[in-house]
Amino acid sequence: MNAEDKIRVRFAPSPTGYIHVGNARTALFNWLFSRQKGGVFVLRVEDTDIERSREEYERNLIQDLRWLGLDWDEGPDVGGNFGPYRQSERLELYHKYASQLLEEGKAYYCFCTAEELESQRQAALTEGRMPVYSGKCRNISLDEARRRLDTGQEGAIRLKVPDEGLVRFEDLVRGPVEFDLKLIGDPIIVRSNGMPAYNYAVVIDDALMNITHVIRGEDHVSNTPRQILLYRALGWKLPVFAHLSMVMGKDNTRLSKRHGATSVDQFRRDGILAEALCNYLSFLGWSPPEGNEVLRLEELVRLFDLGRVSRSAAIFDYEKLHWLNRQHIKLLGPEKKLELALPYLQEAGLVDKELSPAQQDWLKKAVEALIEGVDKFSGLPQKFSLLFEFEPEKMDEEARQIIQADSARKVLTAFIQKTKELKEFNYEIFATITGAIKKETGIKGRDLFHPLRVALTARASGLELDKFIPLVEEGARLAFPRKIKSCLERIREISSFLQL
RNA sequence: GCCCCUGUCGUCUAGCCCGGCCUAGGACAUCGCCCUUUCAAGGCGGCAACACGGGUUCGAAUCCCGUCGGGGGCGCCA
């Protein structure tokens with residue numbers, strides 16, 4: 001493969017807010033495609049909308065993309081041979097090709113006012129036609145246009161579009177697509193304020209950056225014919241297009257905040273693993289040919305196939321994301337789990353910033369035990385309350401009922417009796433005592449253990465007791481901001497609470 | 001309204017291009033059972049779909065037409 005055949009793709013977001021999962025999915029697909037084909041992935045920032053673009057958003061964007069595990073070969077932060085990679089820094093380029101089109105008579109100045117255009121559009125809409133620019137300024141000569149410009153009149157530049165014919169292109173995911181030119185008016189390529197319009201800037205940039213495959217959202221399909229016309233007017237080679245379907249919320253409307261978290265940043269803060277998010281995002285419109293669905297980035301790179309991408313919109317399913325997150329968490333080692341869990345535990349005030357080796361060691365075990373079944377790391381402090389909290393008064397209804405049964409009272413009376421004189425406690429002692437109670441009372445299984453669980457945790461469910469007891473005993477000897485009560489302390493409290 | 005795209009279990013999808021192998025497969029969710037002397041996890045099993053109507057054909061989820069539903073677009077936004 002020589003350099004000219006090299007696949008080049010790009011992700012071109014506008015820095016107008018936090019990066020959304022829909023865009024993240026587009027970025028991911030571009031990245032997967034480029035990495036699999038040994039191509040080049042370009043990051044380009046489309047900041048021509050001065051009103052909405054903010055520099056800090058560009059930083060967030062880069063941060064989010066990097067967190068996801070994506071990297072780029074060229075971009076505003078890493079440079080490259082086809083820069084600059086910010087549209088706001090490419091203005092001369094846009095002007096150069098606009099003048100060329102003007103000179104060649106392929107574009108012209110338009111002096112129609114916004115109001116004028118708006119009323120024409122409304123008229124078309126009410127008559128049931130597609131709003132198409134009338135072409136009113138088409139015949140104004142360049143010389144005259146320049147004279148008007150000199151007098152201070154403002155003008156935009158439009159591309160001349162043939163009145164009839166068909167624009168056809170082969171979309172890598174959607175197959176052949178065609179548009180009737182009658183329904184496409186002369187698009188503005190440079191606004192009267194001198195800024196390039198989106199449809200124009202992308203073409204200039206994609207072409208000049210040698211982009212071979214344009215992979216983007218479905219919302220761009222109807223822009224594609226205009227862009228193709230521009231490529232033709234400039235005599236440039238067309239890239240291959242691939243339009244990805246949209247990502248929807250549960251009610252089949254565009255995914256928005258009201259459906260839950262939607263920005264990459266938010267998922268990160270919630271404690272969703274980047275690999276899990278990528279794994280899930282890749283399943284929005286694509287599926288691996290066979291087998292395991294829990295896939296790491298390298299595996300996605302290996303398996304990804306644009307030809308297998310679905311044409312219909314996909315609904316974002318938080319349940320499946322959470323399932324994948326749990327699967328990816330399981331793949332992590334204890335050290336890594338602790339590292340990721342710590343910020344959440346610190347924020348919840350459960351642990352200090354500085355930890356003794358003994359605390360670290362204990363926390364590692366605790367995280368390992370409690371992380372099971374947790375959807376995301378932000379749910380961990382809640383799980384930790386099993387260890388850090390013991391408040392019989394706050395027991396829920398289920399726990400109360402368990403403890404109130406006749407057999408439960410018997411079990412607990414005996415248990416409290418047998419632990420009264422104890423100075424220390426551990427799982428072996430617990431097992432011996434429960435064995436004795438079983439013998440004396442004949443109570444066993446669920447009836448025996450469930451009340452004891454409630455007595456020790458003030459909850460109806462939680463860790464297995466053979467894991468719970470050693471963990472609490474060890475934890476109780478450590479100095480945490482909130483002290484962990486030992487089993488014996490718990491037994492004493494529950495005893496007085498139940499007046500047994 | 002007009003243009004473009006799209007329509008398989010509740011959800012993501014396989015199959016569709018190249019009709020028969022589809023009594024439509026997998027995953028999430030859900031339900032049940034097993035395991036664990038509780039819960040969860042795990043294992044096993046169940047429920048559950050070719051939008052509808054016409055063709056074409058010996059035979060259609062697969063091809064054609066129409067209807068209906070969903071999405072996107074129709075900016076001097078990107």
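Chain A is the first sequence line, chain B the second, and so forth, proteins listed ahead of strands; every chain is numbered from 1. Given the structure is predicted, the values throughout are model-derived calculations rather than measurements. Values below: all heavy atoms of this structure, side chains included; hydrogens, waters and symmetry mates excluded.
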Check your understanding: For A:R311 and B:rC16, is the shortest distance between a side-chain N/O and OP1 or OP2 below 4.0 Å?
Key -> no
Per atom distances to the A:R326 side chain, the nearest of B:rC4, B:rA29, B:rG71 is B:rA29
What are the atom names and distances for every N/O pair under 3.5 Å that joins the protein to nucleotides 44-48 of chain B?
none

#### Entry: Side chain A:H95, main chain A:L91, donor-acceptor under 3.5 Å
yes
B:rC17 and B:rC22, which share atom name P, separated by this distance in whole Å:
16 Å
### Task
Remember a base hit wins even if backbone is also touched, and classify A:E464 as base, sugar-phosphate or nothing at under 4.0 Å, heavy atoms.
base
Mate of B:rU67 across any strand shown (Watson-Crick or G-U wobble, both atom pairs under 3.5 Å) is B:rA51
Checklist entry - Looking across every strand, which nucleic acid part, if any, lies under 4.0 Å from A:C112 by heavy atom: base, sugar-phosphate, or nothing? => result base
* Please measure how far the C1' atom in B:rA60 lies from the corresponding atom in B:rG55, and state the result in whole Å. => 12 Å
Tested for salt bridge (charged side-chain N to carboxylate O under 4.0 Å, His left out) against A:E368, the lone hit among A:K337, A:K383, A:K336, A:K330 is A:K337
Please determine whether a side-chain nitrogen or oxygen atom of A:R129 lies at a distance below 4.0 Å from atom OP1 or OP2 of B:rC3.
no
Practice task
Please answer whether the main-chain N or O of A:P187 pairs with a side-chain N or O of A:R158 as donor and acceptor at a distance below 3.5 Å.
Solution key: no
The nucleotide from B:rA29, B:rC4, B:rC76 with an atom nearest the side chain of A:R158 is B:rC76
Exercise. Between B:rG71 and A:R174, is there an OP1 or OP2 to side-chain N/O distance shorter than 4.0 Å?
Worked result: no
Notebook entry, point to check: Are any of the side-chain nitrogens in A:R44 or A:D206 under 4.0 Å away from the carboxylate oxygens of its partner?
Noted result: yes
Pairing partner of B:rA27, by Watson-Crick or G-U wobble and under 3.5 Å for both distances, is B:rU11
Electrostatic pair A:D47:A:R90 at N-O distance under 4.0 angstrom
no
* Could you tell me whether the phosphate oxygens of B:rG73, OP1 or OP2, come under 4.0 Å of any side-chain nitrogen or oxygen in A:R254? => yes
Side-chain atoms of A:L117 come closest, of B:rC76, B:rC39, B:rC28, to B:rC76
For A:E127, the salt bridge (Lys or Arg N to Asp or Glu O under 4.0 Å) test, sequence neighbours excluded, returns A:R129
- Task: With heavy atoms under 4.0 Å as the rule, sort A:H243 into base, sugar-phosphate or nothing.
- Result: nothing
What class does the angle between the rings of A:F425 and A:F430 fall in, given that below 30° is parallel, 30 to 60° is tilted and above 60° is perpendicular? perpendicular
Looking only at B:rA27, B:rU11, B:rC77, the nucleotide nearest the A:E293 side chain is B:rA27
Considering only heavy side-chain atoms of A:S192, the closest of B:rG72, B:rC76, B:rA29 is B:rC76
On a whole-Å scale, what distance lies between the P atoms belonging to B:rU6 and B:rG42? 38 Å
| message | I want to check one thing: is the phosphate of B:rG72, taken as OP1 and OP2, less than 4.0 Å away from some side-chain N or O of A:R216? | response | no
Margin query: Check this one for me: any side-chain N or O of A:R121 less than 4.0 Å away from OP1 or OP2 of B:rG75?
Written below: yes
*Could A:E218 and A:R174 be called an ion pair, given the rule that one side-chain N must be under 4.0 Å from one carboxylate O?*
yes
Out of B:rG15, B:rA27, B:rU13, minimum distance to the side chain of A:S310 belongs to B:rU13
Taking B:rC4, B:rG71, B:rA78 as options, the one with an atom nearest any side-chain atom of A:M248 is B:rG71
Looking only at B:rC74, B:rA78, B:rA41, the nucleotide nearest the A:M130 side chain is B:rC74
Applying the 3.5 Å cut-off to both distances, the Watson-Crick or G-U partner of B:rC44 turns out to be B:rG32
Winner on side-chain proximity to A:P131, out of B:rU13, B:rC3, B:rG75, is B:rG75
Which of B:rU11, B:rC4, B:rG42 is nearest the side chain of A:Q327? It is B:rG42
In A:T26, A:V42, A:V45, the residue satisfying side-chain contact (heavy atoms from CB on, under 4.5 Å) with A:F11 is A:T26
| task | Please check the phosphate of B:rG71 (OP1 and OP2 only) for any side-chain N or O of A:S312 closer than 4.0 Å. | result | no
The Watson-Crick or G-U wobble partner of B:rC2, with both key distances under 3.5 Å, is B:rG73
*Is A:S222 side chain donor-acceptor paired with the B:rC4 base, going by distance under 3.5 Å alone?*
no
message = On the nucleotide B:rG42, are OP1 or OP2 found under 4.0 Å from the side-chain N or O atoms that A:K330 carries?
response = yes
Worksheet item: Counting any heavy atom closer than 4.0 Å, what does A:I188 reach on the DNA or RNA strands: base, sugar-phosphate only, or nothing?
Response: base
Notebook entry, point to check: So what does A:T126 touch, heavy atoms closer than 4.0 Å: a base, only the sugar-phosphate, or nothing?
Noted result: nothing
